[in-house]
Amino acid sequence: MDVFSSLMDGFATALTPMNFLYAVIGVILGTAVGVLPGLGPAMTVALLLPVTSVLEPTSAFIMFAGIYYGGMYGGSTTSILLNTPGESSSVVTAIEGHKMAKAGRAAQALATAAIGSFIAGTIGTTLLAVCAPVVVKFAVSLGSPSYFAIMVLSLLAVTAVLGSSRLRGFASLGLGLAIGLVGMDSVTGQRRLTFGQPLLTDGLDIVVVAVAIFAVGEALWVAAHLRRTPLNVIPVGQPWMGKQDWKRSWKPWLRGTVFGFPFGALPAGGAEIPTFLSYVTEKRLSKRPEEFGKGAIEGVAGPEAANNAAAAGTLTPLLAMGLPTNATAAVMLAAFTSYGIQPGPQLFESEGPLVWALIASLFIGNFLLLVINLPLAPLWAKLLQLPRPYLYAGILFFATLGAYSVNLQAFDLVILLVLGALGFMMRRFGLPVLPLILGVILGPRVEGQLRKTLQLFGGDPAGLVSEPIAVGIYIIVAIILVWPLLLKLWRRSRPRAVPAQAVAAGAAGPLLQDVEAEAGSSARLAEADGGDAGGEMAEATGSTNQSAHARRRQEEP
């Protein structure tokens with residue numbers, strides 16, 4: 001009953017005329033930016049972060065809720081119409097969605113994506129409202145050693161699964177931790193990495209860092225790889241679904257929600273794993289498996305539901321413990337920090353009205369997403385025809401204007417340029433950007449918990465393992481670090497001789513496994529590749545799955 005009454009108070013705040021207007025503006029802005037090629041929700045939120053700096057916190061986060069879900073829907077639109085995912089979690093949607101669009105069923109693909117996103121987002125937000133207070137009660141009982149261990153686990157888990165190699169992930173994390181150290185030591189007052197520049201004494205503004213790494217770095221990367229051929233946008237009619245489409249979509253929507261929310265709430269879970277699991281599940285359960293790879297509507301409905309359910313799941317550890325599990329949550333954590341608000345166990349008590357207004361606005365934004373964007377789908381398709389040079393020149397202009405408006409200091413523009421070049425080089429050499437952002441945001445907090453723990457135990461390092469939860473988490477950390485080495489040694493010890501009959505009989509199976517592994521790896525790099533590689537990977541995945549299926553049919557007696 002406490003949750004219900006708090007949620008009703010949140011609706012009362014979010015439904016005031018001005019806050020409702022901000023929710024509408026957020027949905028439209030988020031979709032308009034997210035639908036553009038190569039721009040995912042994280043970059044959308046980062047680019048529009050300075051826009052909300054003039055608003056009071058409650059209105060700003062209500063607007064962020066609309067931007068968040070609008071950006072998610074925009075990513076599915078560009079995946080379906082252009083085969084160019086704006087983020088890694090939209091790669092799976094492109095596999096079947098673009099095939100449907102090429103077959104003249106773009107309207108049905110967009111409709112099942114929008115309705116599935118609405119259903120999954122509503123269920124996921126309900127679970128967020130129920131689960132977040134429970135997680136808060138658990139987090140309040142934790143001491144500094146356990147909280148430090150959880151933060152270390154979050155950093156290492158996210159870093160270990162992103163990028164083309166663990167080394168690149170940890171290199172990115174190291175860069176983020178170094179940037180987070182810039183400024184004055186809160187305990188000793190010693191300046192660190194300021195290079196004698198007084199303007200760096202207070203550290204780097206996280207808004208400037210987020211805009212530089214995401215918006216400027218992405219714009220420079222995509223501009224350096226602009227396709228000279230014009231984009232071929234598939235025409236879209238008014239999105240609608242027939243009776244058969246509804247019948248084939250409602251079960252994938254529910255199954256995708258079941259996959260998405262738990263993975264979104266886990267450190268390093270994200271939306272890539274549940275979207276791919278949803279796709280594989282729907283392919284196995286479908287009564288028409290031969291349609292997969294040619295435009296099966298289940299292959300759009302399930303992954304899109306998993307994607308939006310995971311988006312709601314990521315807010316659970318963010319609000320309850322201050323731990324972001326994906327890039328968009330990291331940027332939203334930066335927004336909280338810019339307002340002087342620290343997400344964590346005390347947030348529901350110190351900023352209760354804001355938190356419940358934010359959760360209520362997720363319901364409102366999700367509903368607005370369905371009501372506004374279904375009729376506007378043809379308009380978003382026309383927006384995709386913007387010339388890319390004009391598009392990314394505009395992004396750089398607004399990123400520069402937004403970064404300057406944070407502190408009104410020209411020095412921030414220098415930082416924006418330097419970190420933007422760093423973001424470009426990270427994409428050039430395949431370094432994932434999420435560990436860097438997590439390092440910048442969580443680095444000072446990890447340091448604070450470490451120092452607090454050591455002070456409580458008189459500087460004895462044994463205090464780090466003084467709580468059972470901390471010991472259990474360190475065991476998980478050790479497994480994460482050692483498991484790849486053990487797996488490699490086990491593979492080397494396996495006999496390589498395989499009977500020829502087994503090879504012939506199972507030729508298609510390993511092929512599909514390799515394709516799925518490649519899809520997962522490429523999905524995580526879609527953010528660094530500016531979206532184009534994601535589209536090409538999705539096309540390749542679809543065609544390879546078709547060839548493997550054909551090979552299986554030929555081998556059957």
Side-chain angles (χ1 to χ4, degrees), residues 46-47 49-50 53 144 148 151-152 154-155 159 168-218 220 322 324 327 330-344 396 399-429 431-455 459:
L47 186 62
L49 194 60
S53 60
S144 294
F148 171 75
M151 287 186 173
V152 171
S154 179
L155 287 174
T159 302
R168 288 188 174 96
F170 283 110
S172 177
L173 177 63
L175 289 172
L177 293 174
I179 295 174
L181 288 175
V182 174
M184 183 179 293
D185 190 308
S186 59
V187 177
T188 64
Q190 181 72 30
R191 294 184 179 182
R192 302 183 299 194
L193 301 178
T194 59
F195 304 100
Q197 175 56 253
L199 292 175
L200 290 176
T201 302
D202 292 332
L204 298 177
D205 193 291
I206 188 60
V207 175
V208 177
V209 176
V211 172
I213 295 297
F214 282 106
V216 177
E218 182 75 11
L220 292 176
V331 179
M332 293 189 71
L333 180 58
F336 276 105
T337 306
S338 67
Y339 280 100
I341 300 173
Q342 290 295 334
L396 289 176
T400 303
L401 184 63
Y404 179 76
S405 66
V406 174
N407 298 312
L408 298 179
Q409 291 181 350
F411 183 72
D412 284 342
L413 300 182
V414 178
I415 299 298
L416 183 76
L417 180 62
V418 172
L419 293 182
L422 174 62
F424 172 81
M425 297 304 296
M426 290 177 67
R427 288 164 172 80
R428 167 64 180 83
F429 293 102
L431 272 67
V433 297
L434 176 56
L436 183 143
I437 295 295
L438 290 182
V440 174
I441 298 174
L442 292 184
R445 300 180 66 186
V446 171
E447 180 188 14
Q449 293 294 339
L450 175 62
R451 287 188 165 185
K452 186 177 180 180
T453 301
L454 294 178
Q455 288 172 353

So, for [X] and [Y], which heavy atoms are closest and what is the spacing to 0.1 Å?
X    : Y    : answer
V433 : R427 : CG1-NH1, 3.7 Å
P444 : G180 : CG-O, 3.8 Å
S172 : M426 : OG-CE, 3.3 Å
F411 : Q197 : CZ-CG, 3.7 Å
P198 : T201 : O-OG1, 2.8 Å
G169 : P435 : O-CB, 3.7 Å

Side-chain contact, heavy-atom cut-off 4.5 Å: [X] with [Y]?
X    : Y    : answer
Q409 : V208 : no
L220 : R428 : no
M184 : T194 : no
L419 : I179 : yes

Would you compute the distance between atom [atom1] of [X] and atom [atom2] of [Y] and round it to the nearest 0.5 angstrom?
X    : Y    : atom1 : atom2 : result
L175 : M425 : CG    : CE    : 11.5 Å
K452 : Q455 : NZ    : CD    : 9.5 Å
Q342 : L333 : CD    : CG    : 7.5 Å
L204 : L416 : CG    : CG    : 11.5 Å
D185 : Q190 : CG    : CD    : 8.0 Å
T400 : L413 : OG1   : CG    : 6.5 Å

With sequence neighbours left out, the residues meeting ring-ring contact (aromatic ring centres under 6.0 Å, His included) with F148 are none

Q | Verdict with reasoning, L436 to L422, per side-chain contact (heavy atoms from CB on, under 4.5 Å) | A | CA-CA 11 Å; L436 183 143; L422 174 62; 4.1 Å; yes

Residue pairs meeting salt bridge (Lys or Arg N to Asp or Glu O under 4.0 Å), one or both in residues 334-343, sequence neighbours left out, come to none

Subject >> Intermediate values then yes/no, side-chain contact (heavy atoms from CB on, under 4.5 Å), R191 and L200 >> reply: CA-CA 9 Å; R191 294 184 179 182; L200 290 176; over 6 Å; no

